[in-house]
Structures are given as C-alpha cells and as structure tokens.
There are 2 protein chains.
Amino acid sequence: MRYLLAQINPTVGDLARNTAQILNSLERAKRQGCDLVVFPEMALTGYPPEDLLLLQDFQAEVDRCYGKILEACSGIAAILGTIRRNPSPHGKPLCNSALVIADQKVVGYYDKQLLPAYDVFDEVRYFAPGSVPFSFTYKNRKIGIVICEDLWEENAPQPYGTDPLLALQGASLDCLVQIAASPYHLEQPSLRKEVLSRASRALKSPLLACNQVGANDALIFDGRSCHFSSKGELIAEAGAFVEEDLVGDLEAARPKALFSRTWERDVIEALALGISDYFVKQGWKKALVGLSGGIDSALVLYLAVKALGSKQVQALFLPSRFTRDGSKKDSLALARNLEVACQTIDIEPLFCISLKTLYPHIPEAPFGVMEENLQSRIRSMLLMAYSNKTGHLLLNTGNKSELAMGYTTLYGDLCGAIGVIGDVKKTDIYALCAWIDQEEGGVFPATILSKEPSAELREGQKDRDTLPPYPLLDAVITRYIEEGLSPREIAEKERIDLATVTRLVAQIHRAEYKRRQAPFALRVSKKAFHRGRVCPIVQGFV
Amino acid sequence: MRYLLAQINPTVGDLARNTAQILNSLERAKRQGCDLVVFPEMALTGYPPEDLLLLQDFQAEVDRCYGKILEACSGIAAILGTIRRNPSPHGKPLCNSALVIADQKVVGYYDKQLLPAYDVFDEVRYFAPGSVPFSFTYKNRKIGIVICEDLWEENAPQPYGTDPLLALQGASLDCLVQIAASPYHLEQPSLRKEVLSRASRALKSPLLACNQVGANDALIFDGRSCHFSSKGELIAEAGAFVEEDLVGDLEAARPKALFSRTWERDVIEALALGISDYFVKQGWKKALVGLSGGIDSALVLYLAVKALGSKQVQALFLPSRFTRDGSKKDSLALARNLEVACQTIDIEPLFCISLKTLYPHIPEAPFGVMEENLQSRIRSMLLMAYSNKTGHLLLNTGNKSELAMGYTTLYGDLCGAIGVIGDVKKTDIYALCAWIDQEEGGVFPATILSKEPSAELREGQKDRDTLPPYPLLDAVITRYIEEGLSPREIAEKERIDLATVTRLVAQIHRAEYKRRQAPFALRVSKKAFHRGRVCPIVQGFV
C-alpha cells in the first residue's frame, strides 16, 4: 500500500487556503499512485484556532469545505485532521477528530481521546474526549487511527479516559496512523520518536505519523512526519521545518540510515520559520531590526535575513552618549556582511530635550533607572515611527535570560511584533552564533561574539553589574522554568547557594508584569514564557 | 446552629497572610458563639494561583498551614477551601477541595466535581475532579458541601461527571454549604442568586454560600456571601466588594428585605477594589494618571482617588499643538475638584525634535499615523519617566471600545500597569460618569461629560472620523464579544447592515496584536479581552 503523508503548513482559521492545500496534496497523491493520504491533526482548521472555535459560524464553515475534498478522493483513502460537532449531548460541543474518507465516501470519524490540558495545550476548553477506538479496512489493510496525545499518556496525566493504545491492542492492525499537531521544542523530536517507536512495537504494526509544519503565533511545528516498521525502526522521515510529501510503501522494511542534526540547526530553522510564517500569513513583507552592537540584535538580524532575504530587512543603529565606538563599527560591519541597509539615528538630541522637559517636574536625584529607561524608550519610539512610516514590521531582540529577570525596559527594548529570541537563553545565543560562524563564517564581526554584554545605558555599564554570570543565571532558568525543580533541588544540583537561587527565583516572579506586556516569544524550549506558563502578577508565594 | 460566613480577601499564594486571616475569622466566630465557620473556595491559596500550583513546594507549604488552623477549631466546625493531593493515582496531581474540621479534628475532604474549563477558568489544567458527594454531621445537623461550579452545570457543559446536586438529593440535609471563588461581572450577582435559590429549593434545605472578595490581577470577587432558606428565599446577605463576617442562625426563616443596587455602583466599586487590591497586594502606594481632558482619563482619575485617596494620586497633563484650550481647562478643573496634584508638561519640544530627528531618514509623506503615534508615545515616555523617578504607578486609561478596534497606540496610550477601564465600553463610561455626577455632583466639569470624543492627535480630529458612532460600535462589541452572536445575528438584532458588522468584527480580530501587549484589564463584563478570551493573532477566519 502506497501512502503519502501530507506534511502541510495550514494557517489558523484560513479554511479556504487550507482546503486548497489539501486538494493539491490529494492531486499529487493520485498522480503518484498512492492509496492512502494522511493529513495532520486539525489540518483543515490549523492549530491552535483557540477561541475561533467558539464562534458560531466556525463549525458550519468547516463543514462547507468537505464537498470538494470528498469529490477529490476518487480511488483513494484519506485521513483528515478536522473538528466536528460532539455526537453526544453531554460535554463540550466539539470533538478534535479524524475524518476518514475512502473512494469519495465518508467512512467515519475518530475522536481524540486524550485531550492535553497542560503547558501550551488547552484542548479541554473546547473539546469533548472521544472514548471509542477506531479502525477501518481499505484495500485489505486494517488501519487504526490515533491523534497526537493519544500516544503520550504517560507524559500527560489525564483527568479521565483510558489508554487509547491499549484499546487497539489485539486489533491486529496492518497499520497505525497517528495524525499530530505536535509543536517543536528542543527535546520534542527525540521524545516523539521514542513514543512512536514504542507504539509500533506495542501493536506489532507499522506506524505512519503525519505532523503539521509551520508557525502559528508562538508555536512552531517541525513536521518530521515519519514511517516506523512494526519492529519500531524508522523507515522514512520527512524534512524538518519544511512542507513536504512523504511518499512510501507501507510494506517497506529497510530502516532509514540515521543522520543527526545539531540542535543549533533546529533552533535556527525553527526561528526563521517563526518569522517568515508570521510575515507570510499576516501579509507583511519587510522587517525592521534595531542594532545595538551586541550579540542579541546581531542574531535577530541574521534570522530576519534568513527568513525574509536581506532586501526585505532594514536595520537602524541608534547611538547615545554611552554607546561605545566599537558598537557602531560592529553594527555597521554586521549589516554590511548580511547585505542589509542600515541607517544611524543619533538619539542624543531627543535624550537631552527629554531630560530638559522632565527635570523641572521631578525631584532632583542622581542619574538612575529613569535616565536609562528613557534612552531605551526613545529608541523604541524612533523604531516604531520608522515602522509606521515605512511599513517595516519591528522585530524584538530580547532574550529569555533578560525576560526572566526583567532586565529590559517596558515600552523600550521590550517592543516589537515578535519576540524572535525571547525563548533563547543568553548562553544558547552565544552557542548559536558560534555555530553559525563555523557553518557560514564572515557573518558576525569577531568582537560581537567576544565582547562583554552591556546595555550601554550609562557610563561603563556591564550586565554583570546587575545580573549574575549568565551561565549561572541560565542554569537556574533551565532548572526552575523549564524543568520545574524547586530552589532547594536547584541549589543541590547546580552547587549554587540556596539564598542566590531563592533570590533569582523571586526576581523571575517579580518581573511577571513586564512579560505580560511583552510580544509573544517564538517557542523553542520545553517551557517558554507566555502561552505555556500562566503566572499571576500579584502573588505572595515566591 | 449559629454560622459565620467568613467573606475574606486572600492574596494569591500568600499562605502566611491568608492563614492569619483565617485564624482571625475563627477567633471572631468563637467570640460570637458560632458553631460553624465557612471559608470561600481556595481561601488558603487565593484564587486563581495559576501555575504556582505546579511549583514543587506549593502543596507542602499549604499542608504546613493546617496545624494552627486545626488548633484554633476548638468547639467549632470549619469548612475551609483549599487544595490537596489527588488521592487517586490517576489524573492531575491536585484536587480543588473543602477541608472539613470539627473540634480540632479533620472530618474529611470534599473534592470539587465540576471543574470549569471556559472563559477565565482553567481548572482542568491543575485539578482532578472529585466524584463522591460529601456530607457530615455536626451538632445534630447533617451538612452537605459543594464547591462553586458544582451548582452551575447547565451553564457550563462539562467533559465528564454527573450532577453533584442530583447526587445530594435524598440525603435529607439540614444544610447545604457552597464555598465559592465566583468572580464578578455585571450579570453574575443575579445569575448566582438564581442558581443558589434553585439549589436550596431542589434539596429542600437551607443553603449557606460563602464567596471570596477582593481582586487578584484582572479578576474581581464581589463577595455577597448569603443564606437561603429551604424555600429558596434570601435570608441574609453579606456586603458587595467588602470583607465581612456574615453571622446568622441556620434556622432563621424571615426573608431579607431586598434592596437594589444599581449596576453603576457595582462597577465603580469593583474597579476601585481592582485598583486598591493591586496596590495593597503589590506594595505600591501612589498612582499616576495622564489626563487628556476627555472622559476616560477623568473616570480613571476619579476611580484612583476613590481607591487610594487624593493624596496618593498624581495627575499629569501633557498638551501638544493639537490640544484644545478646553482640554487643559477641563483637566485642571477636574484635578482641582478631586483635590489631586496636577502638573502640565508640554510635549511640543519633544515632538519637534522627534520629527527633526526622523525626517532625514524616512520618505517624505503627509502628516499621518506616524506623527499621531509619536505624540502618544512621547506622552507615555514622559509618564513612565515620571513613574520611574517618583515611584507613582501608571494607570492605563483606555476603554474597551478602543481596545476592541485597536484605536490606541501600542507603547503609547496603551501603557500602564492596570487597564482600569479596559473592560468598560465607551457608552457605559458616559453612563458611569453621569451616575457619579448625579450621586456626588461637582466631580466632572460639565464639558467633559458633553464634549465630542477626540484623540487630539491632529487638527480637528474626532473619534467619529475613524470609528462608527459609539452606540453602534458598543452594540456590536456586546453582541459579538460578550454574547458570542454571529455577524448575521447581530445585523438582524441590531438592524445594522451586515457589511458594517462584518467589517467591525474583522477589525476587532485584526487588533489582537495590540491587545496581546496591553496591560490586563479589570474584568467587569461577561467577556473581557485578555484572560477570558484567547484568540490567535495570525488567523484567516475573520
């Protein structure tokens, strides 16, 4: 049996565009003589449609898309991720479903049984869980279906339901199909392969897994649709972060030669896709990046160029009296290396007039946070003005370590449409840039990679005046935010004194109010700020 | 049996402070000879603790609070809203529970059965549902317990479980106790009374309902704990938006004389409580409000004074070349009426230098959005600078109609720590101010109430140049956002042509990216932006 796994990139709620993509995939499958086409979870609606699912017209519009899709399925079977009305009068009004079509007829629906309600997932808000396993026979093959989380139970304690995999044991399947919208984070690809391999071994059945690709707001889907043998060996795999048809034979049994990708390549491709999908799906063409001469804005400029092309990117360099000469030199050299147009706008006149305007109205006090924040806010004002006048969309250049500590100015450097590296810790930013430097060379001026981090908002300022060393800070962020350890455990594992850990953790929570007004950060870690981490601003625990 | 309903105001996660409040209530109950003390849902943890619940130490710290509470319950029974470890190995690790104590001994736990997963509620993310009804006998009274949503099933389709009320029928209770953390919105108090009255009639039992009071971030709890007779008549009710002990006799049967409160009083007290609790719980003392001469900032200044006292509030008036003389006169008169210090800072010099700084770097184009936004951003920069230097916390003055349409400048007038009136539509702002004017008189200069709305960012600008008339716009917002009607239904009900409704609805969705970076808005409507409405930025449906 010849299959095509249609690893497509749907846009949330754009039913017409998604339907067109689905019809194109079906055409290609027929041209290639395939018997079975598999689409990702919620391929028709995109994932996650969030409260669009509550709109009265949404389900009706979804239903209207099926006519053409059914018609296109002549001589072929298709498994399509979609939503449907809950057939039971109890519970939430919708189900997260797989529609099965064979030879232009509806064979049936499978409703997802395990609805994730943790981290970035909120499916219980919208969906009623299914409770019935599903399989169908096509061209003499018995094909079972599960949807994403259905295979992940042990990682996600569920409030109800039983193990959907267990329910399929003894069904003597010729193939298990998993459709998924499984968002990327650093550890997800290897976790996912383990889960899929184990499932195919448990059922002693080949497994076809089709995953979405593309970015919707903060979530980035990496694709990597794949085929496992009944022995749990990887037979074939589609590319990462690209739309692709994975075509193959269900009976193929020769394991695929494994090639390893570095995490750096994954993160860079993920972030570039996050940028380009926001631009493509929202109709933007050109990006704006404020350069400081530091490594964060340098990486964001590189990613913007990778995502959009250098002609679509504009850089602004906005020096103040505290900007070192080297920062200007490095910024201009970086823009030159990346073939990006860069203008320099001195903020000194605005800084002077701001102080002159304010001083009669405020108490006399030494140069402090106000003066530092002012520079950052003048820069954001100029960047946004440039954006308003020229139609370049501003990218935010803040990193996860800064966001964690609130080492950022609200309405200043926290501005922008996308937090491009808002889920990347400072030490990882160094690693990514070193990797790029090694792969491509000649992108980053050497001094950008080696200089000591500074916000340059007052004379001789260094990040280390305010923050602990980044390796220590990032270790605490990893352990506390991403792994959920307690301060005591962190102190033990990382051999940091408990008082330091407790102080840093408290500072992370105190900065919550800033993160609440930050642009969304493209998610590449197990636990990003924003969507996956819901914390109160006002709280007395930490 | 004499009861005390302890309508307290817990702080999320501040276990020490909440425990102290609980101990004080128990003392007062004993002094007044009460037999039974009832605390609200999650009184010990505050509501909602969100992902603090996922912290490893949280449950252990909660458990540590019980010692003193048990000890204090000599000669008395207490029903305490708290959390506990899920006694079952399946499902989420915690339960939303009522701990029952009698004479210093733990009688047992009741676990909430219906966990809301809609609007602002996300309990399935954290809790496993209970499945067992609970009652206990104290001083010869058989007392049943439910928690909040347990009585609301018909309004909130649940993914599982049965009706907890039904399960108690036939139990011959002498009293049903409901503990709740039921947040306020305009329609909630009357809905809640219906639900409670119906439950007491269904069980033919008196009902004691104890609700939280106070604000945690955007959610405001109105209290209004109450006692219903077995005939469903209201016997006693605690105050709205205040901490209060409601002490009474379970056997009392004389219905309470109803007095009606206007919705205006409710909303004003809710918003003032939202401000003051943020300040008290976060340790802020002084507030800053930017005055424009319009009605929105006037209402926010009034609310700030009501919440904090006029000595704690500072106003800034920030005129540009487009500010009309009347705006200055009105702002200064308003500040005088409310006895608030007000300074005037002219933004003209900064506006001029901004344009001079930018013009060499941008294409020549007529006065437009850039120039308008610049003024708004200069104002926010000065307000934030003033805040940074003086420690006054900036309040946001945007309303819900503007937020809906994106008629607001990101990093400009969208700045501030709290969206004080971000869930109040423009037409309701007029109604609230008219009501205040009638009740108190002499607060608002008459011209503030009567002038036509204008952002005053260009010559002769009026809101109606850009927006439809507010009554029409607000009707669409009410129907679409708050009631969830489809554009077609709205067009029919409101007799507006469908094209206009569709255009406005599309504009609401297009402005999502601005709202994502807005301060949280105090919630007073059935459906506020932010917490209760989760919408994608990138989407192709609307």
Side-chain angles (χ1 to χ4, degrees), chain A residues 11-14 17 50-52 54 56-57 91-92 117-118 124-125 128-129 157-160 216-217 278 281-282 343 345 349-350 353-354 357-358 361-362 365 369-370 373-374 377 380-382 384-386 388-390 411 415 484 486 516-517 519-520 533-541, chain B residues 11-14 17 50-52 54 56-57 91-92 117-118 124-125 128-129 157-160 216-217 278 281-282 343 345 349-350 353-354 357-358 361-362 365 369-370 373-374 377 380-382 384-386 388-390 411 415 484 486 516-517 519-520 533-541:
Chain A
T11 299
V12 163
D14 198 339
R17 188 178 161 283
E50 302 184 330
D51 282 7
L52 297 179
L54 307 179
Q56 294 217 356
D57 298 337
K92 296 283 181 182
Y118 60 89
V124 176
R125 183 176 173 94
Q158 294 294 327
Y160 44 81
N216 287 314
D217 288 5
Y278 188 90
K281 294 178 179 180
Q282 286 285 83
Q343 298 196 48
I345 307 181
L350 268 167
I353 298 282
S354 298
T357 300
L358 280 160
H361 299 281
I362 55 176
V369 169
M370 180 193 88
N373 282 346
L374 258 179
R377 292 194 178 114
S380 83
M381 195 174 77
L382 294 173
M384 288 303 294
Y386 191 95
N388 284 158
K389 198 56 112 187
T390 65
Y411 322 126
C415 72
S486 72
R516 201 70 77 82
Q517 297 188 42
F520 71 81
R533 184 174 172 276
V534 188
C535 267
I537 295 177
V538 176
Q539 59 86 21
F541 187 70
Chain B
T11 300
V12 163
D14 198 339
R17 189 178 162 283
E50 301 183 331
D51 283 6
L52 297 179
L54 307 180
Q56 294 217 355
D57 299 337
K92 296 283 182 183
Y118 60 90
V124 177
R125 182 176 172 94
Q158 295 294 326
Y160 44 80
N216 288 312
D217 288 4
Y278 189 91
K281 294 178 180 181
Q282 285 286 82
Q343 298 195 48
I345 307 182
L350 268 166
I353 297 282
S354 299
T357 299
L358 280 160
H361 300 279
I362 55 176
V369 170
M370 181 193 87
N373 281 346
L374 258 179
R377 294 195 177 113
S380 83
M381 194 173 79
L382 294 173
M384 288 303 294
Y386 192 95
N388 284 158
K389 197 58 112 186
T390 65
Y411 322 125
C415 70
S486 71
R516 201 70 77 83
Q517 296 190 41
F520 71 81
R533 184 173 171 278
V534 188
C535 267
I537 296 177
V538 176
Q539 58 85 21
F541 187 71

Largest heavy-atom contact set with chain A, pairs under 4.5 Å, which of [options]:
options: B/G13, B/C535, B/A365, B/G484; result: B/G13
options: B/N216, B/T357, B/L54, B/V369; result: B/T357
options: B/L358, B/N373, B/I345; result: B/I345

* Shortest non-hydrogen contact from A/N388 toward B/R377 ->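 Taking A/N388 first and B/R377 second, the nearest heavy atoms are OD1-NH1, 3.2 Å.
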* How long is the span from the CD1 atom in B/I537 to the CD atom in A/E50, to the nearest 0.5 Å? ->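 CD of A/E50 is found 9.0 Å from CD1 of B/I537.
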* To the nearest 0.5 Å, what is the distance between CE (A/M370) and CE (B/M384)? ->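 The distance works out to 12.5 Å.
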Interface residue of largest heavy-atom contact number with chain B, from [options], under 4.5 Å:
options: A/I353, A/D14, A/V12, A/V534; result: A/V534
options: A/P536, A/A385, A/P349; result: A/P536
options: A/K389, A/R17, A/M381; result: A/K389

* Which bit of A/L382 is near chain B, if near means a heavy-atom gap under 4.5 Å: side chain, backbone, both or neither? ->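 Both backbone and side chain of A/L382 come within 4.5 Å of chain B.
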In terms of heavy-atom proximity below 4.5 Å to chain A, should [X] be classed as side chain, backbone, both, or neither?
X: B/Q539; value: both
X: B/L350; value: both
X: B/S380; value: neither

* B/D51: what forms a side-chain hydrogen bond (donor to acceptor under 3.5 Å, both in side chains) with it, not counting sequence neighbours? ->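 Per chain and number, B/D51 pairs via side-chain hydrogen bond (donor to acceptor under 3.5 Å, both in side chains) with B/R125, B/Y126.
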